[in-house]
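Here's the structure, in structure tokens; my notes come after.
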Amino acid sequence: MKHLANGLLIAASILVAGLVAEGTTRLIDGLPLFTDWLPNTVDRDVSTGHHDEIPRAAGVSRNWYFDDPPPLPNRHEIPEDWVRLAREIGEAPNWIGSSFRPADAFKAWNSVAAATPCQHPLLRQAPGRLYVYQSTDGSEWPRFRFMPNATTPLNLVTNQLGWRGPPIEIQKAAKVIRIAFVGASTTVNSHYYPYSYPEFLGHWLNLWAASRKLDVRFEAMNAGRESAISTDIEAIVRKEVLPLRPDLIVYYEGANQFVMNPMLKRQPDATPERRGQVAPESGFARLLRDLSNRSALARRLQAALGLVGNPGRGDEWSKPEYDLQWPAGLDEKDPDLSRRDLPVNLPVILGDLDRIRADLAGSQAELVVSSYARFVQDGMVLDPIRNRALIDHLNIAHFPFRYRDIERLTVFQNRVFAKYAAAHGLPFLDIAGQIPKAADLFTDAVHLSYGGVRLHGWIALQGIVQLAEKRLASGVWPRPVAPASEPPPGLLFTPREVTFSCPAG
């Protein structure tokens with residue numbers, strides 16, 4: 001009996017010490033104390049110092065960079081069945097396509113897009129249940145909305161519209177300047193991050209307004225959602241954003257339609273081969289990786305041991321020979337925007353941008369176009385442990401293309417965006433041109449680390465402050481309050497749950 005008591009005492013002491021160590025580590029790392037799934041803020045400090053490389057707009061204090069937005073008032077307890085569901089589904093890398101992830105279970109899918117889930121390559125992987133919302137116009141766009149008024153196991157907090165962030169008054173108040181941000185995963189940002197780049201930017205804009213003693217308030221509205229393409233974004237602007245009478249709409253997307261394969265004369269008969277890899281990820285490394293989602297101590301141990309699998313080397317992998325065919329007669333330095341054969345789906349994107357501009361006709365909203373940041377440089381050598389996801393993204397998701405061609409297409413894409421903005425008199429935010437060439441700002445080729453997200457907001461802030469100066473000085477902002485009106489059908493929605501069973505195989 002005495003031995004049993006001693007054993008229990010030792011076990012209890014170890015448990016208490018472990019809980020204290022975990023809590024202390026969470027406090028040191030700026031993580032929430034009482035949560036089952038930790039936000040991914042491992043790289044929150046990597047941008048410190050880089051912000052001084054960004055030229056600041058007049059009146060912007062560098063100290064604001066370290067100031068976080070206030071906590072979200074609409075964060076609440078996560079349903080236990082959602083927590084269990086997230087665990088059952090399991091995660092996959094951002095750049096792996098057509099893989100059903102935990103985040104997908106907490107979306108309301110368009111009733112048209114999800115009408116036959118067993119015939120849908122993504123939705124058929126769902127665990128026999130989905131949330132759907134009713135399409136009011138018979139269109140499948142946008143393909144999904146986030147669940148409204150939700151806090152998910154991935155740390156995403158949504159308002160009554162299903163947008164990331166705090167609640168929004170449908171009727172805009174007096175002296176409020178609304179800025180809506182549209183895009184895909186690089187706009188909504190990782191659900192695990194405490195804040196997205198629009199949230200940082202909106203907070204800093206209000207610090208700027210207070211420092212100038214301006215009698216206005218800025219509202220930053222994040223209507224982004226992962227996997228969105230330009231056709232989704234046009235529908236989001238038309239159906240969800242414009243009814244809230246925004247003053248500015250910021251477009252940032254360039255990944256989900258960046259498809260280079262149509263430029264190949266023939267597809268090489270080869271598969272990606274990791275440089276120097278000799279063994280797969282060990283079971284212990286995989287266990288520690290999974291535990292790092294829930295334990296700050298596991299994250300520290302993972303970083304200390306460098307256990308991210310056998311990484312191989314950090315240079316570009318071997319690629320087969322291929323012929324990349326650019327459209328005949330295309331001027332890469334000064335592209336003709338009217339050409340229907342522009343690469344990487346640019347004709348589709350420009351057509352959707354035209355439709356967004358048409359949607360804005362008659363409204364008081366103004367469209368801002370951004371260049372798109374993709375981390376790739378010909379000849380670059382990366383840290384094979386710290387930058388493994390970046391290496392995998394470039395060499396697997398973009399296989400068989402060499403870094404030099406991915407970089408060339410990225411430069412061309414951004415040149416098209418810049419020319420489009422100039423041709424239509426739209427403000428242009430050169431995010432790609434200003435973000436420092438530092439691998440630690442990225443988790444893969446397009447998704448930013450938490451520090452990178454903060455820096456993205458800081459870069460965008462400088463351009464929007466300069467634009468705000470002009471609009472405020474001219475009297476365009478703040479606009480008079482529009483008469484109250486009923487929200488259009490479908491703006492506010494109540495998802496319903498559907499169940500299904502797909503045949504095996």
Side-chain angles (χ1 to χ4, degrees), residues 69-79 81-82 103-111 113-114 130-137 139 141-174 176-184 187-189 191 193-199 201-203 206 217-226 228 232-233 235-250 363 365 481-498:
L72 292 171
N74 49 329
R75 183 181 297 279
H76 54 71
E77 289 294 319
I78 304 168
D81 62 324
W82 280 17
D104 296 322
F106 313 116
K107 296 170 180 174
W109 294 87
N110 185 305
S111 60
L130 288 171
Y131 294 102
V132 298
Y133 77 92
Q134 187 62 41
S135 172
T136 56
D137 61 357
S139 166
W141 308 102
R143 289 167 293 172
F144 71 85
R145 301 174 70 172
F146 292 126
M147 295 287 284
N149 297 314
T151 301
T152 76
L154 285 73
N155 208 47
L156 179 71
V157 178
T158 63
N159 58 30
Q160 73 271 37
L161 298 175
W163 293 354
R164 177 172 190 160
I168 297 173
E169 293 293 333
I170 302 299
Q171 302 294 334
K172 187 168 72 169
V176 166
I177 298 168
R178 282 185 164 169
I179 304 178
F181 296 83
V182 295
T187 291
V188 70
N189 296 132
H191 296 194
Y193 294 166
Y195 302 105
S196 61
Y197 98 83
E199 291 170 276
L201 197 159
H203 176 60
N206 281 312
R217 180 169 59 87
F218 287 90
E219 286 183 347
M221 308 183 300
N222 190 341
R225 59 208 68 173
E226 61 267 13
D232 287 296
I233 296 170
I236 290 166
V237 168
R238 175 166 39 88
K239 298 178 181 181
E240 302 175 29
V241 173
L242 283 180
L244 274 73
R245 298 187 175 94
D247 298 284
L248 214 58
I249 298 175
V250 179
S363 78
V481 178
S485 61
E486 289 296 317
L491 180 63
L492 301 173
F493 66 107
T494 302
R496 59 186 175 88
E497 189 174 18
V498 297

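Only this structure's heavy atoms are used, side chains among them; waters, hydrogens and symmetry mates stay out.
- Within the 4.5 Å cutoff, no side-chain heavy atoms of Pro194 are placed close to those of Leu72.
- Distance check, rounded to the nearest 0.5 Å: CD of Gln160 to CD of Glu169 gives 7.5 Å.
- Every salt bridge (charged side-chain N to carboxylate O under 4.0 Å, His left out) that Asp247 has, sequence neighbours left out, goes to Lys172, Arg479.
- Heavy-atom minimum distance, Val188 versus Phe146: CG2-CE1, 3.8 Å.
- Although no hydrogens or angles enter the test, the distance criterion places a donor-acceptor pair under 3.5 Å between the side chain of Asn110 and the main chain of Pro142.
- The two residues Gly165 and Glu199 have their closest heavy-atom pair at CA-OE2, 4.3 Å.
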Quiz item: Run the side chain to side chain contact (heavy atoms under 4.5 Å, CB included) check on Asn155 and Arg75 step by step: do they pass?
Solution: CA-CA 9 Å; Asn155 208 47; Arg75 183 181 297 279; 3.0 Å; yes

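- One distance of note links CG of Leu242 with CD1 of Ile236; it measures 12.0 Å at 0.5 Å rounding.
- With values rounded to the nearest 0.5 angstrom, Ile170 atom CD1 is found 4.5 Å from Leu161 atom CG.
- Proximity of Phe106 to Ile78: side-chain heavy atoms (C-beta onward) are nowhere separated by under 4.5 Å.
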Mind listing the side-chain donor-acceptor pairs of residues 485-495 below 3.5 Å, one per line with the distance, residues two or more places apart or on another chain?
none

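- The minimum heavy-atom distance between Thr158 and Asn74, with the atom names listed, is O-ND2, 3.1 Å.
- Classification of the Trp82-Tyr131 ring pair by plane angle, with boundaries at 30° and 60°, yields perpendicular.
- The minimum heavy-atom distance linking Ala223 with Val182 is given by the pair CB-CG1, 4.2 Å.
- With rounding to the nearest 0.5 angstrom, the CZ atom of Arg164 is 7.0 Å from the NE2 atom of His191.
- Among residues two or more places apart in sequence or in another chain, the salt bridge (charged side-chain N to carboxylate O under 4.0 Å, His left out) test is passed with Glu219 by Arg178, Arg217.
- Minimum heavy-atom separation, Tyr133 to Ala108: CD2-O, 3.2 Å.
- At most 12 non-hydrogen atoms from other residues, nucleotides or ligands lie less than 6.0 angstrom from CZ of Arg496.
- Under the salt bridge (Lys or Arg N to Asp or Glu O under 4.0 Å) criterion, the residue pairs touching residues 141-151 are Arg143-Asp232, Arg145-Glu240, with sequence neighbours excluded.
- Listed by chain and number, the residues in a ring-ring contact (aromatic ring centres under 6.0 Å, His included) with Tyr195 are Phe200 (sequence neighbours excluded).
- Put simply, CD on Glu226 and OG1 on Thr187 are 11.0 Å apart, with the number rounded to the nearest 0.5 Å.
- Although no hydrogens or angles enter the test, the distance criterion places no donor-acceptor pair under 3.5 Å between the side chain of Ser135 and the main chain of Ser111.
- Distance check: Ile179 CD1 to Phe218 CZ gives 6.0 Å after rounding to the nearest 0.5 Å.
- Taking the ring-ring contact (aromatic ring centres under 6.0 Å, His included) definition, one finds that Trp163 meets it with nothing, sequence neighbours left out.
- What you find for Thr151 and His76 is that their closest heavy atoms are OG1-N, 3.0 Å.
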